[in-house]
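Below you'll find the structure, written out as structure tokens, and then a few comments.
Letters A, B, ... are given to chains in the order of the sequence lines, protein chains preceding strands, and every chain is numbered from 1.
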Amino acid sequence: MQNIRQTARNQIISVVNNAISSAGFESVPFAVETPRELSNGDFSVNAAMLLAKSAKLPPRAVADKLAQFICTKGTYIDRVEVAGPGFINFYLNNSWLYDVLPLVEDLKENYGQTDIGSGESIVVEFVSANPTGPMHMGNARGGALGDSMANVLRFAGFDVTKEFYLNDSGNQIEKFACSLEARYLQQCGVEVPFDEEWYLGEDIIDRAKEFIAIHGDKYVNAPQDERKAALTEFALEKNIGEMKKTLSDYRISYDVWYRESDLYKSGEVDEVIRLLQEKGYTYKKDGALWFKASEDGEKDEVLIRANGVATYFAADIAYHRNKFQKRGFDRAINIWGADHHGHVARMKSAMEALGVKPDRLEVVLMQLVRLMQGGEVARMSKRSGKAITLNVLLDEIGVDAARFFFNMRNAGSHFDFDLDLAVEQSNNNPVYYVQYAHARICSIIRLLAGDGIFVKNCGDIDISLLKEKEELNLLRKIGELPDEIALAAQALEPSRMTRYAIELANDFHSFYSACRVNVEDRQLCQARLKLIDAVRITLSNVLGIVGVDAPEKM
RNA sequence: GCGCCUGUAGCUCAGUAGGAUAGAGCAACUGCCUUCUAAGCAGUGGGUCAGGAGUUCGAAUCUCUUCAGGCGCGCCA
């Protein structure tokens, strides 16, 4: 068992079930909870309240009776009390906390892992920014969220693939091509109009200039198709290369870069449209082919335009079918901006139409980032080009702060990013607080090593010397990690990890102020050294999941 | 108009498979550095969980409703 809390819970479940049957009650699916106040025990059970009705007794009476039948022999349970409306509270002896240290010693960088995923395969698709320009704040949040979520799922025992879907064909690429062509011709002295619908950003002009630096103006008089194709291929590869570089700076590495154009090349887009037609999920209207998403037609969507060109939606159906039916993933998780939520129901009904259970597709809707500057909302439209890019953000606040900051809030909460504060590199940023705890620990370990005192194995230490409140709090917090990982994985909320890291750092700083590691009593010194080494490992594992450095010095 | 998300301390947010006295950080105030990093610790004050009704032993959490803000409702993605 790699989870000390689960071990304790299992003991309690077993002991309470025995008591229920010994007392002659019917079995109930009771909960083992963690009371908010430690004074109410390490765990509590609500069985008495649930049994009260069928037993025709007040909850407290049921609880008293159950408590009499609880046998604590051979368990961590020290004593049992009935309290409040009928809670049965379990107080454990300290040995359950001590047992976490050998666990950490044994598992090291794997401590915290659980097996709730039981090897289920999940593809996590995130960022998937259009390669038509630089990445922005929304991609920054999506990147931090998606990568950390995938890391959490891996820790929870899922077989995870990180994937970037590259929209390298279709309508927006055509717009991209037109924008490039116009900028190219303008740079070459040819006056051409620039459509308001095109990409207005400076980066398009830069690409045109770079293209000219290599090819000069020789494409000015070339056939338009040839000109656009040359420009697009050049700029696309350049942009994709820059995206990969930026994401790598952001400590994100994908297992798969999946190209939309491959779905057309392989014929999967045509194939999926044919399948939908055969199954009767399509109809023609106004010259276009529509997908019938619902009876009322409210959510119907065009698959093939009247001009014969397939929509992004059609390619996206083929893409998701590919995930499930061609590559066989059990689940697919997509991180989407909240502005795409209208797309979710359609995609799920498309999957259903193809015979894929729609709940295998889970879309995490991430509320958009609102950029605040000087107390005002700064707009970040890509077309207008007036956006803070991910590159600039990383230059200004650093990777650690960005990764940590974007994982401090739940995906569903709106995010006001105060640019002034971030640029300040203010100490308000809790990432320093957590990293400082890690650096402090490393410093102590370094100093003791200088005196010839090293971290020993648990077998050679008397862990039970750890009796101070701060020491026990630390052990308790370390023991919570596997539960936290499991909860974060179930809720798809990696933000639990940053909150846990702050709590653990907080417990360490409290310990640091209350207890000295380098004390005369060599036995106690060794026990405390072991304790902080376990904190170091735990902090490092959590920061690794979030994608933040665990520095040895600050 | 319809749909999704959000509303909790002055600010930013946790807590929502119903549980005990609703938490944290920041800001404010009071203490703590001759000993392992003060980027730290200890403490104080601060609440109509947006409003209302309902469900039950028990509701911030579930249901209904009102209000406020964000986003969406394209042969864009």
### Message
Hydrogens and angles aside, do A/His438 and A/Asp549 bring a side-chain donor and acceptor to less than 3.5 Å of each other?
### Response
no
### Query
Does CD in A/Gln277 sit with more than 12 non-hydrogen atoms of other residues, nucleotides or ligands closer than 6.0 Å?
yes
### Message
I'd like to know if the side chain of A/Asn410 pairs up with that of A/Ser495 as donor and acceptor (distance under 3.5 Å, no hydrogens or angles considered).
### Response
yes
#### Entry: Rounded distance in Å - CG (A/Leu303) to P (B/rC76)
13 Å
### Query
What integer number of Å spans the P atoms of B/rA53 and B/rA59?
13 Å
#### Entry: First of A/Arg440 and A/Lys469 reached from the 5' end of RNA chain B, by closest nucleotide
A/Arg440
### Message
Under 4.0 Å, heavy atoms only, any strand: does A/Lys53 hit a base, just the sugar-phosphate, or nothing?
### Response
sugar-phosphate
### Task
Remember a base hit wins even if backbone is also touched, and classify A/Arg496 as base, sugar-phosphate or nothing at under 4.0 Å, heavy atoms.
nothing
### Task
Hey, can you tell me if A/His343 and A/Trp336 have their rings parallel, tilted or perpendicular (30° and 60° cut-offs)?
tilted
### Query
Taking atom C1' of B/rG19 as reference, at what distance in whole Å does atom CD1 of A/Ile88 sit?
14 Å
### Message
Counting distance alone, no hydrogens or angles: does the base of B/rG72 have a donor or acceptor under 3.5 Å from a partner atom on the side chain of A/His340?
### Response
no
### Task
Would you kindly give the CG-to-P distance between A/Asn407 and B/rC13, to the nearest whole Å?
15 Å
### Message
From the set B/rC75, B/rA77, B/rA14, return the single nucleotide nearest to any side-chain atom of A/Asn410.
### Response
B/rA14
### Query
Reckon A/Arg516 touches a base, only the sugar-phosphate, or nothing at all at heavy-atom distances under 4.0 Å?
base
### Query
So what does A/Lys285 hit on the nucleic acid, given a heavy-atom distance under 4.0 Å: a base, only sugar-phosphate, or nothing?
base
### Task
Output yes if the stacking criterion (under 5.5 Å between centres, under 30° between planes) is met for A/Tyr512 over the base of B/rG40, else no.
no
### Query
Does atom CD of A/Glu552 have more than 12 heavy-atom neighbours, drawn from other residues, nucleotides or ligands, at distances under 6.0 Å?
no
### Task
Could you work out which one of B/rU6, B/rA77, B/rU37 sits closest to the side chain of A/His343?
B/rA77
### Task
Measure the distance from CD1 on A/Ile502 to P on B/rC41 and round it to the nearest whole Å.
12 Å
### Task
Please tell me which of the listed nucleotides, B/rA14, B/rC76, B/rA20, lies nearest to the side chain of A/Arg36?
B/rA20
### Task
Measure from CG on A/Asp339 to P on B/rG74 and round the result to the nearest Å.
14 Å
### Task
Examine the side chains of A/Asp300 and A/Tyr283 and answer whether a donor and an acceptor come within less than 3.5 Å of each other.
yes
### Summary
Regarding the side chain of A/Asn40, the nearest nucleotide among B/rU37, B/rA14, B/rA20 is B/rA20
### Task
Could you check which of B/rC41, B/rG19, B/rA20 has an atom nearest any side-chain atom of A/Met49?
B/rG19
### Message
Between B/rG23 and B/rG47, how many Å separate the two P atoms, rounded to a whole number?
### Response
13 Å
### Task
Pick base, sugar-phosphate or nothing for A/His341, based on heavy-atom distances below 4.0 Å to the nucleic acid.
base
### Task
For B/rG43 versus B/rG52, give the span between their P atoms, rounded off to a whole number of Å.
35 Å
### Task
Map A/Thr311 and A/Glu552 onto RNA chain B by nearest heavy atom, then report which one ends up closer to the 5' terminus.
A/Glu552
### Message
For a quick check, tell me whether the side chain of A/Ser44 and the base of B/rA20 share a donor-acceptor pair closer than 3.5 Å.
### Response
yes
### Message
Taking B/rA60 as the reference, what is the distance to B/rG15 when you measure between their P atoms (whole Å, please)?
### Response
16 Å
### Query
Would you say the side chain of A/Asn46 and the base of B/rA20 hold a donor-acceptor pair, judged only by whether the two atoms sit under 3.5 Å apart?
no
### Query
When you measure from the side chain of A/Ser413, which nucleotide among B/rA77, B/rA14, B/rA20 comes out closest?
B/rA14
## Note on the structure
Between CZ of A/Phe313 and C1' of B/rG74 the distance, given in whole Å, is 14 Å
### Query
Which whole number of Å gives the distance between the P atom of B/rU44 and that of B/rA50?
27 Å
### Message
Quick check for you: among B/rC76, B/rC71, B/rA39, whose closest atom lies nearest to any side-chain atom of A/Tyr436?
### Response
B/rA39
### Task
For A/Asn518, answer base if it contacts any base atom (sugar-phosphate contacts may also be present), sugar-phosphate if it contacts only those atoms, and nothing otherwise; contact means non-hydrogen atoms under 4.0 Å.
base
### Query
Looking at B/rG19, B/rC5, B/rU37, which one has an atom nearest to any side-chain atom of A/Pro85?
B/rG19
### Message
At 4.0 Å (heavy atoms only), tell me whether A/Pro35 reaches a base, stays on the sugar-phosphate, or touches nothing.
### Response
base
### Message
Distance check, C1' atoms only: B/rG45 and B/rA28, in whole angstrom units.
### Response
9 Å
### Query
When the ring planes of A/Phe405 and A/Phe415 are compared, do they come out parallel, tilted or perpendicular, using 30° and 60° as the limits?
tilted
### Query
How is A/Ala437 classified with respect to the nucleic acid when contacts are heavy atoms under 4.0 Å: base, sugar-phosphate, or nothing?
nothing
### Below 4.0 Å: OP1/OP2 of B/rC13 and any side-chain N or O of A/Arg409
yes
### Message
Does A/Asn506 reach a base, just sugar-phosphate, or nothing at all? Heavy atoms under 4.0 Å.
### Response
sugar-phosphate
### Message
Starting the side chain at C-beta, find the nucleotide from B/rA20, B/rA14, B/rC41 nearest to A/Arg499.
### Response
B/rA14
### Task
Please measure how far the P atom in B/rU63 lies from the corresponding atom in B/rU6, and state the result in whole Å.
12 Å
#### Entry: Test ring pair (Phe, Tyr, Trp, His ring centres under 6.0 Å) applied to A/Tyr319 and A/Tyr258, step by step
CA-CA 9 Å; A/Tyr319 175 49; A/Tyr258 203 95; 5.3 Å; yes
### Task
Scan A/Tyr433 against the nucleic acid and name what it touches under 4.0 Å (heavy atoms): base, sugar-phosphate only, or nothing.
sugar-phosphate
## Note on the structure
Interatomic distance, CD@A/Glu484 vs CD@A/Glu493, rounded to 0.5 Å, equals 12.0 Å
### Task
Just call it for A/Ala52: base, sugar-phosphate, or nothing, with non-hydrogen atoms closer than 4.0 Å on any strand.
nothing
### Query
Counting only side-chain N and O atoms of A/Asn307, is one of them less than 4.0 Å from OP1 or OP2 of B/rC75?
no
### Task
Name the orientation of the base relative to the sugar in B/rC36: syn if the glycosidic angle is within 90° of 0, else anti.
anti
### Gap between atoms CD and C1', on A/Glu493 and B/rC13 respectively (whole Å)
13 Å
### Message
Using a 4.0 Å heavy-atom cut-off, does A/Cys525 contact any base of the nucleic acid, only the sugar-phosphate backbone, or nothing at all?
### Response
nothing
### Message
Ignoring hydrogens and geometry beyond distance, is a side-chain donor-acceptor pair present between A/Glu268 and A/Asn322 at under 3.5 Å?
### Response
yes
### Task
Using the P atoms only, state how far B/rG3 lies from B/rU65, rounded to an integer number of Å.
10 Å
### Query
How many Å lie between CZ on A/Arg446 and C1' on B/rC36, as a whole number?
11 Å
### Query
Which part of the nucleic acid, if any, lies within contact of A/Ser443, taking any heavy atom under 4.0 Å across all strands shown: a base, the sugar-phosphate backbone alone, or nothing?
base
### Query
Quick one: is B/rC76 close enough that its OP1 or OP2 comes under 4.0 Å of any side-chain N or O from A/Arg305?
yes
### Sugar-phosphate, base or nothing in reach of A/Asn89, heavy atoms under 4.0 Å
base
### Query
From the list B/rA77, B/rG23, B/rA14, which nucleotide is the closest neighbour of the side chain of A/Glu37?
B/rG23
#### Entry: Under 3.5 Å on both distances, the Watson-Crick or G-U partner of B/rA38
none
